[in-house]
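Let me begin by presenting the structure, written as structure tokens, before commenting on it.
Note that ligands are numbered from 1 as they come in the structure, with each ligand's atoms numbered from 1 the same way. What you see is a predicted model, and the numbers here were worked out from it, not measured in a lab. All residue numbers in this chain count up from 1 along the given sequence.
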Amino acid sequence: MKLRFTVVTSALIAATLGLASPSTRMFAQAPAARAAAAAQKIDEEYTRLIKQNLQDSRISTELVDHLPASDTVPSPLKFLGRAVGTPGELTYAKDIHRYYAALAQAAPRRARYMKIGTSEEGRDIVALAIANETTMAALDRYKEMLGSLTDPRRTTDAQAKQLMAQAKPIYYITSGMHSPETGGPEMLIELAYRLIVEETPFIQAIRDNVITLITPVVEVDGREKQVDTYYYNKKRAPGDARLPLMYWGKYVQHDNNRDGMGQLLELTKAVTRVTLDWHPTILHDLHEAQTYLYTSTGTGPYNDSLDPITVSEWWTLAENDVLEMTKRGVPGVWTYGYYDGWVPNYMIFIAHSHNAVGRFYEVQSYGPDNGEVRPGANVLSKEWYRPNPPLSYIRWGPRNNTNIQESAILFSLNHVARNRETYLDNYWMKNKRSVDKGKNGPTFAWLIPAGQRRKADAAMAVNDLRRQGLEISKATSSFKAGTLDVRAGDYIVRGDQPFRTLADMYFSIQNYAPQNPAPYDDTGWTFQLMRDLRIVPVTDKTVLDQPMTMVTADVKATGGIEGTGNVLVVEHTADTSLITFRFRNAAVKMQAAEADFDAGGHHFRAGSIVIADADRARLEPMLRDMGLSAWALSQVPEVRVHDLDVPRIGYIHNWSRTQDEGWWRAALDVYGVPYTYFADQKLKEGNLRQKYDVLIFPHVGGTALSQVNGSPVTGSAPLPYRKSADTPNLGVLDSSDDIRGGMGFDGLAELVKFVEQGGTLITEGSTATIFPEYGLTTDVTLEQPAQLFVRGSVLRSRVADPSSPIMYGYTGSELPVYFNQSPVLNAGGGAGRGGGGGAAPSGPNAGLGQSITPNATPLRISPYLPEDETAPVSDARPSADDIAQVRQLAQGDVGRGNAGGRGGAPPAGRGNAGGGGRGAAPAGRGVPPAAAGAGGAGGRGGATVPRTRLVLQFPNDPNQMLLSGTLANGQFLAGRAAVVDSRVGQGHVVMFAIRPFWRWQTQGTYTLGFNSIMNWNDLDARGN
Ligand SMILES: [Zn+2]
């Protein structure tokens, strides 16, 4: 690649910029600062500490081998009591913030300290702006200039040209997103001081031409926990278990960097607000998961909706880092590999969807303890993207980490300072091209019908998109756009707006060819599919001239009550707010219709809520507020109903991993569903059914076996997780005197008892494998097709059982679902088609979870762990002995006297007589055998068979499967279960192979989970 910039020495740059920069013509430059440059004193003590702490002299540049002294601005050493890069020490976010505030106080003409948000746990999220005196004095004007360059609809080319001569790019640096990656926030302590104080021409050029904005810690809650955890572990005796960083933020761990689209988290919202307010030209996020220093470009495939200018900017910025660092002999600064650049869920994509440029570093860990680095051969080779590779051995420490990333980011800042106009022009061009795209088509707008079936969620989507800066209009009268009928009140996303890039990114269909290198993350995310909404591209240009007004505040769907009468029927539309309505009125008796019906001249979908003797005055405002529609009738409709008993909900987590379970929790919190949160260890205490009606056990990761075993029991001392004088930031969500170990067999047995006694257990992803693998839901089997490749895609599912309460409110025979590779559950639905995995069982333990085709799942080579693979993945499966033990424990004191009785389930090792034989269905609702034709399930002899109800399944035809993302060998998923409901004893296990609550993006499937909760003790309902 040919580089577009010229390399000149720092002194020459400064000479050029200092005198001729347009900004100096516009605003008087402080000459005193210039004069001071030559005479600036060095902070001798700090500089000595830099040298002392550096583990290898090659990891240094002239930019960071010293620290300038200041009479007025406190150095990190003076303020915090130590130099950045001191081994064995970490700084709390609150102290970094105190320091930033002190910097702004000591140097108010060069720095401004701002609060930009509040975390879930109530901590401040902050930013510090740094620039020269004249820029800071007119900071709001500079913000405005970038605002004008953002919008070609109100800025002419001539004005833009003028602005480019005056405006300054904002270089926004963020860090502390991933709490165990500790060095970014530390380095930024020093960088801020240096940028404010240092008087070298190199730094002056940055201050004069760039506005540097720094958020040192975006995940403030996780940072404080990380620092607590580090110091706590230091005091543990050798050989004792070390405390892992349990929770970071309130809901997720490293997936806080997968929230760019969903935008649940406060940190994402804060950065989005900064983006919309300041229009940062560059967003640079600092991470630590690679060797020495990786500067982002990515292998591709790059996101299809990126402007080509952005892609070139990635490369220019990265090559500048590689060049400047390798020129100074610093080894191991490289680009290209490691990540792809495809999915827009990373925080840096907030920049991309707003036509700026996002980038990141992955630095060799800060530690903070000194150590050694011995990279593998695939990291050591000299390659075109790695001209000066890492060394086979190096002593590494926190000062190495500080030096390498502080140097590189200073070269980046200086590069942007030198190319100020280029980056402003790039930004302007991208905004212009974005608007032009809307004028030239083929997509001139997108239509979001306001009156669509899930109208409440459509309104919510409008609000969510608006919060991300997408302009949305409302049609003021009906019109036709091509073949589309637009009605007054419908929402229009105009294509001729700067941030249409966001609409392009979100509304497009992704096509990720599996021939590409392994995707780094999800491959499909199409907004309207994930949310089960109708959002239609408009290809008729006249739409732009139709009457519409801009939406300027949050919208609501039209809701309320039609008709008169004491009986209220709330229509079930699968809108997510329905569960809020139910739980906010927990004391009101509500019933669910078990079938579709007509009443009051309206057709109702099964699941519609019937309230006899309704208090209209109380309920109507609520329905209106939630955008839900109800009909008042004079008589109770003639349809079979069941009571919607409000369940007592328990929520299970596993101490070994708190990464993915938070998405369900977030939904319950947001939608107002109360629950009791506890660790799976407590399952052992038993009496679950006395306490709970529903247990939710979301995805943990790992195998059934590893989930039952929990975190390893290391050392002899207990490993507590709780708030204490030493760990004031831990123990917020949950505490334990000893987090080692998991539920164990005893806990699993209690879980089985809970279900057998009539409770409903909801499992998802990895936890959905536990019951099948332990042979507790024998007509559901787990398959592990090595050939299947489906990495975070949106797939078509087919409604196998529309009468299941889990499907209430959904219409049609299909539903888009998010699925990520596993688990592949066979509930017999794949019979006759691609049913290899469901081969007739034979031999001992058939149908009890033991694989009869072990070679079908090849040994997995232990992978190089990317940063999002914190939990070791194991292929281990429970042994037949384990299965037998759990079953015996579970049967110890339950199961007798249950309706239909388990009749004593056969012990492991037998019961497979008469393969395929299925006992009579339990009495009750006259349940026909679900999943007829099941080929895979082993018979249970004469015992009563747990009833399995396939609710949603993947299509039988693999060619029909992929909606957005990637897929190979879909035949291994054909007909398999997406959602399956198994009766065990008197209760139910609902198994979601899909991830209904994924990263706040899958609102279209939230109601599958909500229905399972609301209809927990009537999941057997089958319509009229
Ligand atoms: Zn990271």
_Aromatic plane relationship, Y338 with Y294 - under 30° parallel, 30 to 60° tilted, over 60° perpendicular_ = perpendicular
_To the closest 0.5 Å, what do you measure between NE2 (H287) and CE (M347)?_
6.5 Å
*Among the N, O or S atoms that H287 has, which is closest to the Zn ion (ligand 1)?*
ND1
*Among the N, O or S atoms that H178 has, which is closest to the Zn ion (ligand 1)?*
ND1
*asked:* A cation-pi test, strictly: NZ or CZ of K234 under 6.0 Å from the centre of the six-membered ring of Y231 and no more than 45 degrees from its axis. Yes or no?
replied: no
*Quick check: does E181 put an N/O/S atom under 2.8 Å from the Zn ion (ligand 1)?*
yes
*Would you confirm whether the ring centroid of W655 sits within less than 6.0 angstrom of the ring centroid of Y721?*
yes
